[in-house]
Amino acid sequence: MSKRKKPSEDNSNHDFCDFLIELADYEKNVNRNIHKHNVYRKAANVLANHPTRITSGKEAQKLDGIGKKIAKKIDEFLQTGKLQKLENIHNDEKASVINLLTQVSGIGPAKARNLVEMDIRSIDDLRKHTDKLTHHQVVGLRYFEDFQKRIPRVEIEEIEKIMKCEVEKLDEDYEITICGSYRRGQPESGDIDALITHPHYTSEMCNKQNKDRLKTIVNTLEKCGLITDVLSLGDTKFMGACRLNEGATTRRLDIRLTPCDQYYCCVLYFTGSDIFNKTMRAHANEKGFTLNEHSLRPLGSTGVPGEPVPISSEKDIFDCIEYEYREPQNRN
DNA sequence: ATGTGAG
DNA sequence: ACTCACATA
């Protein structure tokens, strides 16, 4: 409880970060250049963590991760209030179409580029060529508009009720937690992230009836009309779509089935926020632990992780690494 | 096996 | 950063 590092939010170089992140996305999505992407990301990151306002490219260039080229862009931005390179990108049709197609669930940069080569330049075009798409992409396209919409908290509460009711009919020992921004108390969320565990499902004993647990759960949720589509379904992770009732907006739903010994690490991880997770993992490291979505393990003197610490609540994890407990709503 | 995409 | 599921080969 010593470091009060406020890493980001409204940092003094916020506007530089914005255009650097936009350039980063452009390099990844349009040029497929992951190296340039990483360079821009790193630069944005170092500026975001810089405590004072940068007033010249020269000053910026002293920072690790910022070289001549980015320094020059900072100067241009300071002098003109914009970046010519970015203006050009905004006016480039190919670039904007790739950006658009990428917003369809299941379509990434590679596929988007592919489609543009095939002369597909809009969502409407794409709807005429669903034969070029995987199942995931077809569903993503079908609900393109719905999936862009935010989900009001009350709607998730309703969906949670139905899920719990249906799954407990299957077996009353199932435990369900909706994580993500919903659990952090946010008024709306982008999707629904449900974690399910069962006392008989542990990380050993990964076999027998446990293999069918998730499929059985998904099956009943389909039968009761909550789940409308499957994007992918394995032994531990379901991705798909659901809706409250006919005519309601279709929502993205993820379900993870996790062994009960890993449940709280998983709940912690998927509750986020991302930034909170990062600082918490960093703190765990300082205390000689490694923390991931499955377990909390002590690091030996050699740096090799030992056996997972037994965890029976979220708070256990905080206590173990001497981190002051924070309610989910305070992890934003 | 490898690449892709999601989260 | 890391894991999982999928499609393709």
Side-chain angles (χ1 to χ4, degrees), chain A residues 7 24-25 28-30 32-34 37-38 41-42 45 98-117 126 130-141 143-144 147-148 150-151 177-184 186 189-196 203 206 210-215 217-218 227 229-242 251-259 262-263 265-285 289-297 299 303 305 308:
Chain A
D25 288 346
K28 183 175 69 150
N29 296 333
V30 180
R32 316 271 8 247
N33 189 328
I34 200 67
H37 168 81
N38 288 333
R41 288 298 298 252
K42 185 175 178 190
N45 207 10
I98 288 177
N99 258 329
L100 174 71
L101 295 180
T102 279
Q103 291 169 39
V104 177
S105 180
I107 297 183
K111 183 71 180 192
R113 235 175 160 234
N114 214 314
L115 291 165
V116 171
E117 311 272 275
L126 197 51
T130 52
D131 54 311
K132 306 281 196 280
L133 303 178
T134 66
H135 173 68
H136 181 158
Q137 291 158 347
V138 170
V139 177
L141 179 61
Y143 302 118
F144 179 74
F147 286 172
Q148 311 252 70
R150 310 277 300 164
I151 316 171
T177 311
I178 312 271
C179 298
S181 51
Y182 172 77
R183 186 155 181 268
R184 299 200 308 274
Q186 299 290 96
S189 306
D191 61 5
I192 303 167
D193 203 349
L195 263 49
I196 304 185
S203 41
C206 266
N210 285 332
K211 271 214 75 184
D212 291 327
R213 276 189 194 281
L214 184 54
K215 299 202 166 68
I217 290 169
V218 168
I227 289 179
D229 298 86
V230 177
L231 296 173
S232 67
L233 176 56
D235 291 345
T236 62
K237 191 172 84 174
F238 159 85
M239 290 171 56
C242 72
R251 308 300 194 179
R252 277 282 293 104
L253 170 67
D254 290 346
I255 302 175
R256 297 181 161 73
L257 185 66
T258 67
Q262 302 181 351
Y263 192 58
C265 284
C266 212
V267 166
L268 175 71
Y269 182 90
F270 286 107
T271 298
S273 67
D274 289 353
I275 356 128
F276 172 79
N277 284 351
K278 263 185 195 161
T279 52
M280 181 144 176
R281 287 202 302 267
H283 183 89
N285 269 316
F289 290 89
T290 175
L291 175 63
N292 66 16
E293 68 181 282
H294 303 303
S295 63
L296 176 70
R297 288 169 298 170
L299 288 171

### Task
Give one of base, sugar-phosphate or nothing for A:K111, where a contact means two heavy atoms less than 4.0 Å apart.
sugar-phosphate
#### Entry: Phosphate contact (C:dA5 OP1 or OP2) by A:T236 side-chain N/O below 4.0 Å
yes
### Message
Base, sugar-phosphate or nothing for A:F238? Non-hydrogen atoms, less than 4.0 Å.
### Response
nothing
### Query
Rounding to a whole Å, what distance do you find between A:K132:NZ and C:dA7:P?
18 Å
### Spacing of A:K237 atom NZ relative to B:dG7 atom C1', expressed in whole Å
6 Å
Identify each donor-acceptor pair in which a side-chain atom of residues 268-275 of chain A lies under 3.5 Å from a protein atom, sequence neighbours left out, and give them as a table.
residue	atom	partner	partner atom	Å
A:T271	OG1	A:R183	NH1	2.8
A:T271	OG1	A:V267	O	2.6
A:S273	OG	A:F276	N	3.3
A:S273	OG	A:R331	O	3.1

### Integer-rounded Å distance: C:dT3 C1' and A:D193 CG
13 Å
### Query
Can you tell which of C:dT3, B:dG7, B:dT4 lies closest to the side chain of A:A110?
B:dT4
### Message
Filter on salt bridge (Lys or Arg N to Asp or Glu O under 4.0 Å), then keep only pairs touching residues 230-241 of chain A, sequence neighbours left out; what's left?
### Response
A:K211-A:D235, A:K215-A:D235
### Query
Which nucleotide in the set C:dC4, C:dC6, C:dA7 lies at the smallest distance from any side-chain heavy atom of A:H294?
C:dC4
### Message
Without decimals, in angstroms, what is the distance between A:L214 CG and C:dT3 P?
### Response
19 Å
### Message
In whole Å, I'd like the distance from the CG atom of A:N292 to the P atom of B:dG7.
### Response
20 Å
## Note on the structure
On a heavy-atom basis, the closest approach of A:C265 and A:L291 is SG-CD1, 4.2 Å
### Task
Rounded off to whole Å, could you give me the CZ-to-P distance for the A:R252 and B:dA6 pair?
9 Å
### Message
Once you apply a heavy-atom cut-off of 4.0 Å, does A:V230 come out as touching a base, just sugar-phosphate, or nothing?
### Response
nothing
### Query
Once you round it to whole Å, what is the distance between P of B:dG5 and CZ of A:F147?
18 Å
### Whole angstrom value for the distance that separates P of B:dG5 from NE2 of A:H136
10 Å
### Summary
Which of C:dA5, B:dT4, B:dA6 is nearest the side chain of A:R32? It is B:dT4
### Query
How would you label the contact of A:D235 with the nucleic acid (heavy atoms, under 4.0 Å): base, sugar-phosphate, or nothing?
sugar-phosphate
#### Entry: Candidate pair A:Y143 and A:S105, rule side chain to side chain donor-acceptor pair (under 3.5 Å), full reasoning
CA-CA 9 Å; A:Y143 302 118; A:S105 180; over 6 Å; no
#### Entry: Closest to the A:S232 side chain, choosing from C:dA7, C:dC6, B:dG5
C:dC6
### Message
I'd like to know if the side chain of A:H294 and the backbone of A:P308 have a donor-acceptor N/O pair within less than 3.5 Å.
### Response
no
